[in-house]
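Structure first, commentary second.
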Amino acid sequence: MTLPNPQHLHSFLNSLNEAQHKAVLHEPAAPLQILAGPGSGKTKVLTSRIAYLILHHSIPASSICAVTFTNKAATEMQERLCKLIGKQRTSAVRMGTFHALCALFLRKFSKVVGIEGNFTVCDHDESKKIIAGLLKPYKDFLASKDISLKDGTVLSYISRAKAKGTTAKEFIAEHKKANNDRRSSDFDPQDDIQRVVGNIYQDYEKALRRSNSLDFDDLLLFGVKLFTEHPPATSWCRHVLVDEFQDTNVTQYELMRAIAAPTKGCVTVVGDPDQSIYGWRSAEVGNLAKMRKDFTGTEQIFLEENYRSTGAILKASLAIVSQDKSRIPKTLLTSHPLGTIPVLRSFPSEQAEANFIAVEIKRLVASMGGVLRWGDFAILLRFSALSRAIESALQKEAIPSAVLGGHKFFERQEIKDILAYLQLVDNPSFVPALTRAINIPSRAIGEKSIEALIARADKTKMSPLDVIERIYDSHQPDIKPAVKHKVGPFVKTVRALRKLATEGTSPPDLIQRLLALIQYEDHLKKTQPEWESRWENVQELITFASEVEHDVNLVDVDTNADPSSSDTPLRLFLQASMLSSEGDNQSEEDSKEKVTISTCHAAKGLEWPVVIIPAVEQGTFPFYRTDDVQEERRLLYVACTRAQTLLYLSHVSKRKVGGETKTKEISEFVASATKEHSGIFTLRTPQLPPPARAVVTRVLGRPDAPEAEVLRRVAEFRKTTRYLDSADDAVGQSEVLYHPALGMGGNARPTATFVSSSSMTMAGASSSNAKPPTRRTPKFGSLVRPASLHPGSSSSSGAQGQILAPSKQNVETPVSTLTVPAKPFVAVQSGVPPPGVPPPVTGGVKRRLGMSGMGRGGMGFPNKKFKPPIL
DNA sequence: ACATCTACTCCAATC
DNA sequence: GAGTAGATGT
């Protein structure tokens with residue numbers, strides 16, 4: 001291993017741009033906000049700054065605290081830091097999510113805040129179940145007032161209160177006050193709801209404490225309490241760094257302040273207000289301003305140089321986000337070429353849209369000669385339900401795809417079944433685990449019996465598990481629907497596991513024993529149609545358990561705390577399970593072979609060479625029920641800025657929403673952006689002749705494909721994909737073109753539609769070798785983003801947009817060209833040969849992409865005449 | 001207590 | 001067009 005040395009330090013400092021350099025070298029004691037636009041290298045700056053603090057300022061790694069929101073971000077930071085300062089020092093840095101950090105210290109100092117060290121982390125499902133129980137007594141009352149209040153709704157009210165640091169008492173008091181301030185004569189269903197929620201909040205807290213359990217919000221709240229009230233818990237700290245600061249909620253901000261207290265202002269945060277898309281999850285962008293007030297002398301450094309995307313993509317993205325007039329003006333520079341103008345298209349139906357996407361992906365792969373693979377494409381959606389039409393279109397075209405996100409590994413029932421037993425072994429008070437495990441496998445112990453058990457436990461101040469064990473041992477009378485004999489195998493199982501755990505049996509072995517004891521495989525076979533994959537998941541849990549064990553030995557850090565702290569391997573495994581949101585591990589190789597379908601939210605922080613955003617329509621984007629339109633706009637901005645070289649937006653005129661077909665209009669975000677900055681989008685699908693291909697390969701840092709390969713693939717594509725003119729289009733679909741003059745794309749002109757021969761021949765037949773999309777989470781490696789140059793240019797004069805409809809016997813993609821900046825263009829369908837070569841590519845100059853540079857004329861627009869495209 | 005049917009809802013999702 | 005809470009039946 002190469003040890004970091006001064007030489008090394010200089011070489012990584014040299015690779016930084018000016019702003020990055022300034023941020024890394026910024027005086028440690030002066031509070032710093034790094035406002036980092038998309039693709040501006042914020043992780044690089046963060047890790048470099050940590051390295052610099054350690055290597056140059058000689059701050060011990062173990063007194064640096066780096067906090068992230070996700071495990072993924074934490075892992076990435078760890079990996080990158082490792083390359084700078086080596087494994088040893090990296091592992092000494094206190095790095096992790098807010099929750100993991102709190103959990104770590106709460107285990108050590110549990111008594112200080114009045115909890116037990118073996119507390120269990122309660123996840124949303126379990127919280128919901130607790131709340132469902134507490135909600136029952138109110139059912140009649142709510143029904144009488146005709147109010148429907150679901151457990152999830154109550155939980156989100158409570159969670160929102162906790163995210164702000166509002167206790168149950170305060171919540172109730174606030175509501176009373178608000179109520180008094182109002183004329184009492186109004187009846188407001190909100191009153192009743194607030195009152196019920198207040199009461200449940202109080203009971204919910206009690207239930208958690210009785211279960212010796214903390215929910216996710218509690219981890220932070222108890223963390224704040226610990227760090228503010230108990231100096232030894234923070235005395236180690238000399239610098240705090242927070243990633244994605246715009247996503248912090250009030251409690252997380254307080255947490256940061258508490259941990260940073262002994263540092264006297266040695267705080268570095270990184271964030272981007274433009275990428276704040278989690279307001280609905282209690283994130284407070286206002287924390288940026290708050291920090292500047294609380295930490296006097298906070299300085300701001302802007303990272304505005306983008307290393308990810310082409311100029312044209314950034315221009316369109318900025319045009320969208322800058323429509324928010326209340327936004328802090330910021331810009332983005334790129335050293336990349338202008339590249340291909342983002343495409344904006346309209347379609348008559350979601351099927352037509354989906355069809356276009358599928359065929360266009362195929363066409364791009366072909367015309368890039370294989371430089372782009374399936375894994376280079378992402379389809380980003382406002383919400384996952386929109387994926388239906390797209391998934392089936394991709395399937396028809398035999399394009400493999402994977403949905404990013406989906407159900408999470410640790411939320412699967414087979415995983416929770418196993419964890420419940422182990423949680424019970426570690427923490428006998430944890431009621432949610434008891435109520436689940438007691439009937440796995442089914443032991444015919446019903447709701448009534450469990451209720452009676454819990455009631456008895458409350459009365460006798462014992463844990464429900466104690467009560468069950470005592471009944472089983474005949475130390476206590478049985479309850480009515482005789483439970484004693486039914487509970488036998490359960491008690492025996494728990495006792496056996498408990499014994500094994502105290503003897504130091506490792507978590508993987510514990511799970512193996514448990515599976516045998518309850519014959520879990522048989523249970524799955526009996527109850528689950530998909531028992532095989534569920535059983536695989538159980539095996540994966542065992543693997544995970546063995547990895548945690550491994551990690552722990554490496555990562556264990558000294559915290560100046562009681563060394564006899566009770567972190568057993570089992571406890572560490574359980575905690576890792578609860579605090580990890582990791583999806584299924586899909587191999588990186590695998591994800592390269594699949595088109596990614598994801599929500600825009602889940603795409604944050606990721607990047608793809610080609611990004612396609614369908615359903616950019618009013619009601620969908622912005623979503624009709626949003627309470628912050630600007631946040632929706634930023635979400636679209638985030639989605640657009642994921643694209644490295646090609647970007648597509650599309651909308652339809654009619655879409656089925658919940659069984660009903662609704663007329664749709666183009667999103668106001670795009671309509672207003674195109675009105676103000678014409679030329680940021682084109683109807684013309686990119687033709688990718690050698691110069692355009694060169695831009696793509698340069699931005700991606702990949703070698704270009706040989707021309708022969710391109711020709712071969714294009715010919716292949718033509719063979720398999722047929723293009724039909726709408727005149728003889730049996731399917732009756734036709735494209736609708738976006739019309740900037742109308743603003744809303746309703747200009748339906750019969751033009752062309754894609755129908756691939758494969759989809760025609762395969763419709764109904766099962767000859768497709770496309771597998772149904774997997775609902776599994778692929779892992780994404782970070783992509784390279786080398787710099788290259790040359791902005792394209794051109795302005796357009798009032799020419800007409802044209803559409804190319806290729807000759808019928810030939811395979812062709814329709815090409816439409818939009819060349820009118822401010823004036824309406826006319827989209828014509830014809831048999832005219834395709835115009836269209838991308839804008840000239842010039843090189844070498846760094847280009848400012850602020851909106852200031854984009855006058856009426858609209859730059860970067862293809863000028864009237866084009867050479868025939870490659871395809 | 002469990003199986004089956006019906007009616008209703010339907011945004012995003014970190015830890 | 002699916003997932004599920006709730007009601008009903010066995």
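From a predicted model like this one, the values you see are computed outputs, not experimental measurements. Every chain is numbered from 1 and lettered A, B, ... according to where its sequence line falls, protein lines coming before strand lines.
Residues A/S650 and A/E353 bring a donor and an acceptor atom of their side chains to less than 3.5 Å of each other. A/N212 and A/E116 are not linked by any side-chain donor-acceptor pair at a separation below 3.5 angstrom, with hydrogens and angles left out of the test. Side-chain contact annotation: A/S580 with A/N71, donor-acceptor N/O pair under 3.5 Å absent.
Counting to the nearest Å, the C1' atom of B/dA12 and the CZ atom of A/R634 are 14 Å from each other. Remark: C1' of B/dT14 and CG of A/D217 are 11 Å apart, rounded to the nearest angstrom. Regarding A/D247, its CG atom lies at a distance of 12 Å from the P atom of B/dT14, rounded to whole Å. One atom, NZ of A/K139, and another, C1' of C/dA7, lie 10 Å apart when rounded to the nearest Å. We find that CD of A/E631 is positioned 13 Å from P of B/dA13, with the value rounded to whole Å. Whole-Å rounding puts the A/E244 CD to B/dA13 C1' distance at 15 Å. Atom-to-atom, CG of A/L404 to C1' of B/dA12 comes out at 13 Å; the value is rounded to the nearest Å. With rounding to whole Å, A/D123 atom CG is found 13 Å from B/dA13 atom C1'.
Contact annotation for A/T620: no contact, since no heavy-atom pair falls under 4.0 Å across all strands.
A donor-acceptor pair under 3.5 Å is absent between the side-chain atoms of A/R655 and the main chain of A/E350, judged by distance alone. A/R209 contributes a side-chain N or O that, together with a main-chain N or O of A/S213, makes up a donor-acceptor pair within less than 3.5 Å.
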Distances under 3.5 Å between protein N/O atoms and the N/O atoms of nucleotides 4-11 of chain B, please, pair by pair.
unit_1	atom_1	unit_2	atom_2	d
B/dC10	OP1	A/K150	NZ	3.3
B/dC11	O2	A/R382	NH1	3.1
B/dC11	O2	A/R382	NH2	2.6
B/dC11	N4	A/R625	O	3.2

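For the pair A/R160 and A/Y157, the cation sits on the ring face: its NZ or CZ lies under 6.0 Å from the ring centre, inside 45° of the axis.
When each of A/A444 and A/L579 is assigned the nucleotide of DNA chain B with its nearest heavy atom, A/A444 is the one assigned upstream, toward the 5' end. A residue-by-residue look at A/I445 and A/E411 shows that A/I445 has its nearest nucleotide of DNA chain B further toward the 5' end.
In this structure, A/K408 reaches the B/dT14 phosphate: one of its side-chain N or O atoms is under 4.0 Å from OP1 or OP2.
In plain terms, the two heavy atoms of A/N249 and A/S282 that are nearest each other are CB-O, 3.1 Å.
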